[in-house]
Structures are given as structure tokens and as C-alpha cells.
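Please read the structure below before turning to the comments.
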Amino acid sequence: MEEQSLPQNTKKRMLSGIKPSGDMTLGSYLGAIRNWKDRALDFDCYYFIADLHAITVRQDPALLRKRSLNQLAQYIACGLDPEKNVLFMQSHVHQHAELGWVLNCYTMFGELSRMTQFKDKSAKNAENINGGLFTYPSLMAADILLYQADYVPVGEDQKQHIELTRDIAKRFNGLYSDTFKLPEPYIPKVGARIMSLSNPEEKMSKSDNGDTGCVLMMDSPDDIMRCFKRAITDSESCVRFDAENKKGVSNLMTIYSAVSGKSYAQIESDFAGRGYGDFKRETGEAVVELLRPIREQAQRLLADKAYLQSVCESGARNAAFIAEKTLRKVYKKVGFLPR
Ligand code: TYM
């Protein structure tokens, strides 16, 4: 679905998640979270930390726990009020794993084999191409279908998984009558695919934490400025949008546009006759100012573990209430004896 065409005043449901497999990046913010905020008046909003999905790639257990809690603090710091949005850990709502198993049985080997993310991840983790990595999309379908979500706000790279979710839902509905709502991806017009600052051919990714191409949401202003100063550009020395021939500069323009709200034409005219040095510095500064209040608020929240724990508990309770209704329906339809 195109941005800005959301229906007003109807309480449709929005749901999304992010894996705590690395620290969240500027890409996660611009591609996804930015579109989660300020929706609670018009939508029922469910946002979770996809820890079940994170273990499809080997994780250090202590670090996974830490990142999961950090991520919750960052969700809240980004403006997701837990009183108005249901925030939870995926593993706290057992219905995800249960429906994930059922949907595995309605997802075809060929469909899973065609998933771009599976191909990329298995190339990068050749020593650990496990079953979970392969069946990842049926668990993601379960995440979405359990809540009968209308819209799934994500970056461009998740579109294929949502299309598969729709196919699985249609297949199931076709076999057993209407059970699942068909969800639509909700993808931002600008910022749907932020590229690495050090290699604009590759997506900015959590798995590149530590690389100067990857800006983390919790990075200090100095670290952020260092990433932007080192950003790859080209030899033309002209701020002009050309996604084909000027990938580095176009990526920086996308970031600047997403953060400032300025159009590409406006950015081109603002920087006409000025060098890349100015452009990189001002883009970096805009990102520093965007992330500063989020980082500071997340740090404050992390000092109150009891509060974060209570958010997790009430989030899981509210999520499980909805999830259980769908799961019960599904178990009945496929022919399981009632408990
Ligand atoms: P994940 O954790 O890889 O990414 C989280 C969200 O951030 C977006 N994103 C980006 N957008 C623009 N540019 C980038 N460089 C960039 N990097 C990440 C992603 O598109 C995503 O929206 N499978 C999902 C997690 C998930 C999920 C779900 C999402 C599990 N279950 C159910 C929605 C609904 C994932 O791996 O996201």
C-alpha cells in the first residue's frame, strides 16, 4: 500500500516487528519505526521484538537478552507509548510458535526456496543453514495472521515475506473458509531501503554492527558524524539524485530527505555549488539531532528495569488474548480435538 493513503478514523490493525539480532540501525528507524509512530489514534497497534526469528542465526544468549530489552526501551523512546500500543516479546506469546508450526504445513518448499532473504542469509551463514532460517517466513506469517493485521509497516526488503503471508492465508482460507485477514505491506515512499554508507551497493544491516557504513540508533553523536564523514560518494562533487550512477550521494540524499522532510530538488538547490564535505556534515548533523532524544530517553528507561518488565508483562497478556482467539479457530478448523 502506498504511504499517505491510510484510511482515517477506522480502527484497523497495524503490526510489525524487528529482530534483536543486532542493535537497531538508522535503516530500521527510517524503513519501519518511523511509520509505526503516531498511529495509535487511528489504529490498534501491535509491535514486538522478534526474538524467535533472531535465533535463526546463532546468538550469544546474554547479548540477546540485553538487546531485546534495549530494543523495547528504544521502541518506547521512539514514541510508542505502551499505554496506547501493545509492545511485547515474540517468545512471551507462545501462540506465535504454535501457529508457525501449523502454517509450515501450508507453506510449500518451492515458495520458501524462492525467498530472497533466505538466499542472502544462507550465503552469509553457510556453516549454519538451519531449518528455522528456511521456514522463517511461515513464522512471520503466523506473527501477522494471528492478529488479523490489516497493515504491516516495513521496509522494502520485507515485501516478499508479506506477499507470501497473503498466499498462505489465501490457501488456508480456501481450504477451510475465511479464517485470516489478508494483510497489506505499508512501505515508506522515502527511506524504504537505506544503503550502507561504506558500501552503497549493500543494504544497511544490523549484521554489519561495528562497520562505519552502519549507523546505530544508540550511537553517540561523534560516532554518527564519523560514519557520515567517511561515507562513500563519487568524484563528481555535485549533490544530485541519480540512483543508478551516484549510489552513495543518492543514499545520503534519501537519508537527508527522510529526516528533514525536504524533497530531492530542494536538497539539490540547497547544496548547489557546495562540496560533499558540507553535505555529509549537514546530513550527519540532521541524523544526530533525530537520534539524540531517542538515545537519551532509551538510556533513562533502561535504568528502570522494573518498568520495562511490567511493559513486557502487560504487552504479552494483551497480545496473547487476541492471538489465542485466532489460534483456537485454526486448531478447530484443521481438526484438532478441543482441550
Ligand atoms: P529486520 O529485523 O531485518 O528489520 C526490521 C525492519 O526494518 C526494516 N529495515 C530497513 N528499512 C530500510 N532500510 C534498511 N537498510 C533497513 N534495514 C531494516 C525492515 O524492512 C523491517 O521492517 N522479518 C522481519 C522481522 C519480522 C516481522 C514480522 C516484520 C518478524 N516477524 C512480522 C513484520 C511483521 C525482519 O527481519 O526485520
Side-chain angles (χ1 to χ4, degrees), residues 3 13-36 45-57 59 64 67-68 71 74-75 78 88-91 93 96-97 99-100 103 115-118 120-121 124 132-133 135-166 168-169 183-209 211 213-217 251 254-255 257-259 319 323:
E3 203 181 1
R13 199 164 281 161
M14 223 176 224
L15 168 137
S16 198
I18 296 182
K19 293 189 301 279
S21 48
D23 295 320
M24 287 200 292
T25 70
L26 180 64
S28 337
Y29 183 83
L30 296 180
I33 303 181
R34 199 163 51 109
N35 264 342
W36 303 3
C45 296
Y46 291 77
Y47 301 116
F48 62 95
I49 286 126
D51 50 1
L52 296 176
H53 278 108
I55 61 162
T56 54
V57 172
Q59 302 294 326
L64 181 61
R67 281 184 175 142
S68 300
Q71 199 168 307
Q74 287 170 64
Y75 280 7
C78 283
F88 62 101
M89 299 289 157
Q90 186 186 27
S91 65
V93 183
H96 288 246
L99 184 62
L103 295 185
M115 293 295 111
T116 316
Q117 185 168 305
F118 172 68
D120 288 352
K121 287 260 151 92
K124 282 186 185 152
L133 198 62
T135 58
Y136 181 115
S138 19
L139 177 59
M140 179 159 163
D143 299 337
I144 299 168
L145 300 176
L146 268 179
Y147 299 90
Q148 310 287 354
D150 296 278
Y151 300 115
V152 186
V154 285
E156 181 70 38
D157 61 337
Q158 296 302 313
K159 196 171 166 200
Q160 195 186 31
H161 287 160
I162 297 169
E163 280 161 4
L164 177 59
T165 300
R166 289 172 63 91
I168 298 169
E184 283 190 46
Y186 179 52
I187 295 173
K189 275 192 179 145
V190 178
R193 190 171 173 81
I194 300 295
M195 310 308 279
S196 158
L197 301 190
S198 57
N199 177 8
E201 303 277 344
E202 291 266 331
K203 192 186 74 163
M204 185 183 284
S205 162
K206 285 193 281 275
S207 47
D208 302 328
N209 277 195
D211 181 306
C214 177
V215 177
L216 302 182
M217 288 180 60
N251 186 42
T254 299
I255 294 173
S257 168
V259 173

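Basis for what follows: all heavy atoms, side chains included, without hydrogens, waters or symmetry-related copies. Every number for a ligand or one of its atoms is a count from 1 in the order of the listing.
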I'd like a table of the close N/O pairs between ligand 1 and the protein (anything under 3.5 Å), one pair per line with both atom names and the distance.
| residue | atom | partner | partner atom | Å |
| --- | --- | --- | --- | --- |
| ligand 1 | 2 (O) | Lys19 | N | 2.9 |
| ligand 1 | 2 (O) | Lys206 | NZ | 2.5 |
| ligand 1 | 3 (O) | Lys19 | NZ | 3.2 |
| ligand 1 | 11 (N) | Gly27 | O | 3.2 |
| ligand 1 | 13 (N) | Ile194 | N | 2.8 |
| ligand 1 | 15 (N) | Ile194 | O | 2.8 |
| ligand 1 | 15 (N) | Met204 | O | 2.9 |
| ligand 1 | 20 (O) | Gly155 | N | 2.9 |
| ligand 1 | 20 (O) | Asp157 | OD1 | 2.4 |
| ligand 1 | 22 (O) | Gly155 | N | 3.1 |
| ligand 1 | 23 (N) | Tyr136 | OH | 2.6 |
| ligand 1 | 23 (N) | Gln158 | OE1 | 2.9 |
| ligand 1 | 31 (N) | Asp143 | OD2 | 2.6 |
| ligand 1 | 36 (O) | Lys19 | NZ | 2.5 |
| ligand 1 | 36 (O) | Tyr136 | OH | 2.7 |

With sequence neighbours excluded, tell me which residues meet ring-ring contact (aromatic ring centres under 6.0 Å, His included) with [X].
X: His53; answer: Tyr136
X: Tyr75; answer: Trp36
X: Phe88; answer: Phe48, His96, Tyr147

[Y] and [X], any side-chain heavy atoms less than 4.5 Å apart:
X: Leu103; Y: Leu99; result: yes
X: Leu145; Y: Pro183; result: yes
X: Pro185; Y: Gln158; result: no

